[in-house]
Amino acid sequence: MARLDKLKFWIEDYFYMAGGHVRTFFYRKPPKHFLGHIVKEKDPIVIIPGIFEKWGMLKKIIDPLSRKGHPIYIVPELKYNAKNIHNSSGQVASLINKKNLKNVILLAHSKGGLIGKHMLAFHNKEERIKKLIAIATPFGGSEIAKKIPIKPLKELSPDSEIIKTLKEEKQINSYITCIMGEYDNHVWPTENCKLDGAKNIKISVDGHHKILFNRDVVDSIIEEVESS
């Protein structure tokens with residue numbers, strides 16, 4: 001891919017990222033319909049955003065699922081999701097147990113998918129979680145994490161202990177759907193979003209954040225949720 005094309009994708013992606021953060025600012029509390037419009041027997045969905053993100057970044061995906069009657073839960077304790085994966089996984093598990101949720105679908109972006117896999121591996125003895133839908137998640141780590149000297153990003157390096165540990169947990173991959181774009185400017189290489197034994201879906205979109213606003217991605221997630 002030519003450098004000018006990559007630069008274009010970075011610029012476009014950060015435009016979408018900025019828009020997502022603006023949305024997060026205006027939607028600090030979840031709308032009432034997240035838990036106020038529930039259709040009987042629709043599976044509950046727990047939202048796990050990416051690093052330095054809040055649930056509002058995924059609102060374009062969440063709203064159609066809420067309108068279909070799925071109860072939507074967010075985890076306020078995650079804040080901007082800068083804590084380590086082990087602790088964050090425990091916080092999400094605590095919410096699921098506290099609310100006594102069953103047949104849970106985890107809907108996650110980026111680092112959130114790693115938290116979701118950690119939950120399947122270490123916090124699912126009661127089998128409350130039935131599925132993880134991970135969008136642009138670096139299951140194989142990302143080389144960019146080696147180049148940015150920010151502590152919360154170290155876990156996302158391909159060489160990190162948590163990435164190695166989660167790679168070994170292959171028996172749960174069949175519970176995971178991985179959704180990725182053609183080019184991801186934050187996951188190097190983009191192929192690290194793939195997971196052997198999982199359902200891997202590639203969408204014709206470029207950008208780590210832009211993928212959250214793509215109509216085909218939204219439709220694919222709705223199909224994955226409704227077919228669970």
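- In this structure, Tyr175 is a member of the same hydrophobic cluster as Met119, with clusters built from ILVMFWY side-chain heavy atoms closer than 4.5 Å.
- Under the 4.0 Å criterion applied to side-chain N and carboxylate O atoms, Lys210 and Glu12 are assigned as salt-bridge partners.
- A distance of 7.5 Å separates CD1 of Ile221 from CG of Leu65, quoted to the nearest 0.5 Å.
- Heavy-atom contacts from other residues, nucleotides or ligands closer than 6.0 Å to CD of Gln171 number more than 12.
- Checking side-chain atoms of Ser227 against main-chain N and O of Glu223 turns up a donor-acceptor pair under 3.5 Å.
- Taking CD1 of Ile45 as the start and CD1 of Ile62 as the end, the distance is 8.5 Å to the nearest 0.5 Å.
- Note that NE2 of His86 is 10.5 Å distant from CD of Gln91, once rounded to the nearest 0.5 Å.
- Closest approach of Lys59 to Pro31, counting heavy atoms only: CE-CG, 4.4 Å.
- Using a 4.0 Å cut-off between charged nitrogen and carboxylate oxygen, Lys202 and Glu191 count as a salt-bridge pair.
- Hydrophobic clustering (ILVMFWY, side-chain heavy atoms < 4.5 Å, transitive): Ile201 and Leu58 are in one cluster.
- A distance-only check finds no donor-acceptor pair linking the side chain of Ser160 to the backbone of Leu156 [under 3.5 Å].
- Between Glu143 and Pro158, the closest side-chain pair of non-hydrogen atoms falls below 4.5 Å.
- Of all heavy-atom pairs spanning Cys178 and Cys193, the tightest one is CB-O, 3.7 Å.
- Minimum heavy-atom separation, Pro49 to Ile47: CD-O, 3.8 Å.
- The two atoms that bring Ser88 and Ile115 nearest to each other are CB-CD1, 3.6 Å, heavy atoms only.
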Handout entry: Steps toward side-chain contact (heavy atoms from CB on, under 4.5 Å) verdict (Ser89, His123)
Key = CA-CA 8 Å; Ser89 177; His123 292 287; 3.0 Å; yes
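- The distance from the OG atom of Ser220 to the CD1 atom of Ile179 is 5.5 Å, given to the nearest 0.5 Å.
- Within the 4.5 Å cutoff, no side-chain heavy atoms of Leu132 are placed close to those of Ile172.
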Handout entry: Residue pair Glu53, Thr24: steps toward the side-chain contact (heavy atoms from CB on, under 4.5 Å) verdict
Key = CA-CA 8 Å; Glu53 294 176 359; Thr24 294; over 6 Å; no
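- Residues Ser228 and Ile105 share a closest heavy-atom pair of OG-CD1, 3.7 Å.
- With hydrogens and angles disregarded, a donor-acceptor distance shorter than 3.5 Å links the side chain of Ser66 to the backbone of His33.
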Exercise for the section: Report the C-alpha distance between Phe213 and Tyr16 in whole Å, list the side-chain angles of each, state the deciding distance to 0.1 Å, and finish with yes or no for ring pair (Phe, Tyr, Trp, His ring centres under 6.0 Å). Expected result: CA-CA 8 Å; Phe213 300 88; Tyr16 280 92; 5.5 Å; yes
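- Grouping the Ile, Leu, Val, Met, Phe, Trp and Tyr side chains by contacts below 4.5 angstrom, directly or via other members, places Leu78 with Ile162.
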Practice task
Quick one: do Tyr14 and His186 satisfy ring pair (Phe, Tyr, Trp, His ring centres under 6.0 Å)? Show the steps, please.
Solution key: CA-CA 11 Å; Tyr14 279 21; His186 279 198; 5.7 Å; yes
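- Comment: Asp159 engages Lys146 in a salt bridge, judged by a side-chain N to carboxylate O separation of less than 4.0 angstrom.
- Under a cut-off of 6.0 angstrom, the local environment of NZ in Lys79 is sparse, with at most 12 non-hydrogen atoms contributed by other residues, nucleotides or ligands.
- Ser94 contributes no side-chain N or O that, together with a main-chain N or O of Gly90, makes up a donor-acceptor pair within less than 3.5 Å.
- The side-chain heavy atoms of Tyr73 and Leu35, taken from C-beta on, include a pair separated by under 4.5 Å.
- Side-chain atoms of Asp206 and Asp13, non-hydrogen and from C-beta on, never get closer than 4.5 Å to each other.
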Exercise for the section: Check step by step if side-chain contact (heavy atoms from CB on, under 4.5 Å) holds for Lys131 and Glu224. Expected result: CA-CA 10 Å; Lys131 189 172 194 174; Glu224 285 298 307; 3.0 Å; yes
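- Grouping the Ile, Leu, Val, Met, Phe, Trp and Tyr side chains by contacts below 4.5 angstrom, directly or via other members, places Trp55 with Ile211.
- Look at Asp43 and Lys130 and you find a salt bridge, because one of the NZ, NE, NH1 or NH2 atoms lies within 4.0 Å of a carboxylate O, short of that distance.
- Between Phe9 and Asp184, the closest side-chain pair of non-hydrogen atoms is not below 4.5 Å.
- Hydrophobic clustering (ILVMFWY, side-chain heavy atoms < 4.5 Å, transitive): Ile148 and Val187 are in distinct clusters.
- Separating the CD1 atom in Ile135 from the CD1 atom in Ile61 is a distance of 4.0 Å, to the nearest 0.5 Å.
- Val92 places a side-chain heavy atom less than 4.5 Å from the side chain of Ile48.
- A salt bridge links Lys42 with Glu226: the closest approach of a Lys/Arg side-chain nitrogen to an acidic carboxylate oxygen falls below 4.0 angstrom.
- Within the 4.5 Å cutoff, side-chain heavy atoms of Pro71 are placed close to those of Pro44.
- Asn185 and His208 share no donor-acceptor pair across their side chains, judged by distance under 3.5 Å alone.
- Tyr183 and Trp10 form a side-chain donor-acceptor contact under 3.5 Å, judged by distance and modelled atom types alone.
- Screening Asn192, Ile163, Ile176 for a side chain to side chain contact (heavy atoms under 4.5 Å, CB included) involving Phe139 leaves a single residue, Ile176.
- For the atom pair Ile85 CD1 and Glu155 CD, the distance stands at 4.0 Å (nearest 0.5 Å).
- Nearest heavy-atom pair, Gly50 versus Ser110, reported as atom, atom and distance to 0.1 Å: CA-CB, 4.1 Å.
- Enclosure of atom NZ in Lys99 is not indicated, since only 12 or fewer non-hydrogen atoms of other residues, nucleotides or ligands lie within 6.0 angstrom.
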Practice task
May I have the step-by-step check of side-chain contact (heavy atoms from CB on, under 4.5 Å) for Leu212 and Val217, ending in yes or no?
Solution key: CA-CA 7 Å; Leu212 298 174; Val217 171; over 6 Å; no
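- Counting heavy atoms from C-beta on, the side chains of Val46 and Val75 come closer than 4.5 Å.
- Checked by atom type, the side-chain pair Lys54/Asn81 shows no donor-acceptor distance below 3.5 Å.
- Other residues, nucleotides and ligands contribute at most 12 non-hydrogen atoms within 6.0 Å of the CG atom of Asp196.
- Using modelled atom types, no side-chain atom of Thr177 and backbone atom of Ile133 make a donor-acceptor pair closer than 3.5 Å.
- A cation-pi arrangement is not found for Arg28 relative to Phe26, the charged atom failing to lie both closer than 6.0 Å to the ring centre and inside a 45° cone about the ring normal.
- In this structure a side-chain-to-backbone donor-acceptor pair under 3.5 Å is present from Asn124 to Arg128.
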